[in-house]
Amino acid sequence: MTRQTISNWETGETTPNTDTLKLLSKLFDVSINTLLGSPRELINVCVGHMVTEEFSKEQAREYMKQLLPKLDYWKRYEELSDDGKYPELLVYKKR
């Protein structure tokens, strides 16, 4: 997967095909519905994969909360239309 491919997904120019969604689903151990579902679900999945000694859970969550509203795909979601405040997303759900 190239940076250009991911950039095209982020800008909404293209979307991942079914085979790619299956691979990403398997890689991240989440359903395809989660990958395409609500921003809350996606943030929870991503945070779990982003945490390192240098990048805390809180930093990862804040990064994702700032990033998602800027991506064309997610601009369509009503729950992201609150100017990036997301009070309901502050609670981290463990899998």
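- The two residues Asn44 and Arg61 make their nearest non-hydrogen contact at OD1-NH2, 3.1 Å.
- Pairing each heavy atom of Tyr63 with each of Met50, the nearest pair is CD2-CE, 3.5 Å.
- We find the CD1-OG1 distance between Ile32 and Thr18 to be 7.0 Å, quoted to the nearest 0.5 Å.
- Here the OG atom belonging to Ser25 is positioned 10.0 Å from the NZ atom belonging to Lys22, to the nearest 0.5 angstrom.
- Salt bridge present: Lys65 and Glu62 bring a charged side-chain N and a carboxylate O closer than 4.0 Å.
- Atom-to-atom distance recorded for Asn8:CG and Thr2:OG1 is 7.5 Å, nearest 0.5 angstrom.
- When every heavy atom of Val45 is checked against every heavy atom of Val30, the shortest pair comes out as CG2-CG1, 3.4 Å.
- At a cut-off of 3.5 Å, with distance as the only test, a side-chain donor of Asn17 or Thr20 sits close to an acceptor on the other residue.
- No chain of hydrophobic side-chain contacts below 4.5 Å, direct or via other Ile, Leu, Val, Met, Phe, Trp or Tyr residues, connects Leu23 to Phe28.
- Between the Gln59 side chain and the Ser56 main chain, a donor and an acceptor come within less than 3.5 Å of each other.
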